[in-house]
Amino acid sequence: MKSGFMKFLYIDQLIVMASIGIYNWERQCLQKLVFDLRLVYDSEFCKFINGMNMYVDYVQINQIILNMINSRHFELIEDVAEITAEALINRFPIISWIQVKVNKPNVIRNLCNVGFCVERRKSKVHDFKKVRLYTGWK
């Protein structure tokens with residue numbers, strides 16, 4: 001990617017109440033998760049797809065995360081971060097790199113925050129033929 005065409009999208013402190021944890025008491029209540037996301041995509045790549053709404057929609061990202069978190073119980077924040085990264089990089093083919101940090105604040109009385117961070121990178125986002133095959137676009 002040429003640095004002049006690289007774009008970063010930041011989403012900070014997306015707060016979601018989740019059923020998460022390995023202890024029985026954690027299954028009895030919702031706990032706060034705080035997401036921080038960093039996404040990279042190539043604006044030059046977007047120009048090749050005329051009229052196809054090729055952008056990263058942060059409203060959709062919010063909804064994807066909310067739906068995913070509300071659909072089940074998670075045992076570990078590691079699982080939440082991994083699944084979130086995979087879901088978003090697969091949903092938005094123009095994302096070439098993503099970092100997902102999931103925080104679980106105030107989980108223990110004397111602990112301010114615990115978190116987990118994962119990064120994912122696509123190998124060849126510039127290869128329009130592969131993205132076209134992946135998405136089914138003509």
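The chain is numbered in sequence order, starting from 1.
- With Asn62 contributing its side chain and Tyr58 its backbone, the two residues share no donor-acceptor pair below 3.5 Å.
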#### Entry: Evaluation steps, side chain to side chain contact (heavy atoms under 4.5 Å, CB included), between Ile65 and Phe35
CA-CA 9 Å; Ile65 292 172; Phe35 289 78; 3.8 Å; yes
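- For Lys101, the side chain to side chain contact (heavy atoms under 4.5 Å, CB included) partners are Asp36, Asn103, Cys117, not counting sequence neighbours.
- Residues Glu119 and Trp97 approach most closely at OE1-NE1, 3.4 Å, considering heavy atoms.
- Side-chain contact between Gln99 and Val118 is absent, with no heavy atoms from C-beta onward closer than 4.5 Å.
- At least one side-chain heavy atom of Val80 sits less than 4.5 Å from a side-chain heavy atom of Ile69.
- At a cut-off of 3.5 Å, with distance as the only test, no side-chain donor of Asn24 or Gln28 sits close to an acceptor on the other residue.
- Ser19 places none of its side-chain heavy atoms less than 4.5 Å from the side chain of Arg72.
- Two different hydrophobic clusters hold Val102 and Leu30 under the rule that ILVMFWY side chains link at heavy-atom gaps under 4.5 Å.
- With a 4.5 Å cut-off on side-chain heavy atoms, Lys104 and Lys32 do not count as touching.
- Nearest heavy-atom pair, Ile77 versus Phe116, reported as atom, atom and distance to 0.1 Å: CD1-N, 3.7 Å.
- Criterion: ILVMFWY side-chain heavy atoms under 4.5 Å apart, direct or through other members. Under it, Ile22 and Trp25 are part of a common hydrophobic cluster.
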List the atom pairs, donor and acceptor, that lie under 3.5 Å between side-chain atoms in residues 10-18 and the rest of the protein, sequence neighbours left out.
unit_1	atom_1	unit_2	atom_2	d
Asp12	OD1	Arg38	NH1	2.5
Asp12	OD1	Arg38	NH2	3.0

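- Cluster membership for Ile94 and Val59, using ILVMFWY side-chain heavy atoms within less than 4.5 angstrom, is shared.
- Partner Phe92 forms a side chain to side chain contact (heavy atoms under 4.5 Å, CB included) with one of Ile61, Leu9, Ile98 and no other, that one being Ile61.
- In this structure, Glu26 and Ile20 approach most closely via the heavy-atom pair CB-O, 3.4 Å.
- Residue Arg91 comes nearest to Ile64 through the heavy atom pair CG-CD1, 3.6 Å, listed as atom of the first residue, atom of the second, then distance.
- One hydrophobic cluster holds both Leu33 and Leu66 under the rule that ILVMFWY side chains link at heavy-atom gaps under 4.5 Å.
- Between Leu88 and Leu37, the shortest heavy-atom contact is CD1-CD1, 4.3 Å.
- Considering only residues two or more places apart in sequence or on other chains, Glu86 meets the side-chain hydrogen bond (donor to acceptor under 3.5 Å, both in side chains) condition with Arg120.
- Side-chain atoms of Lys122 come within 3.5 Å of backbone N or O of Ile89 as a donor-acceptor pair.
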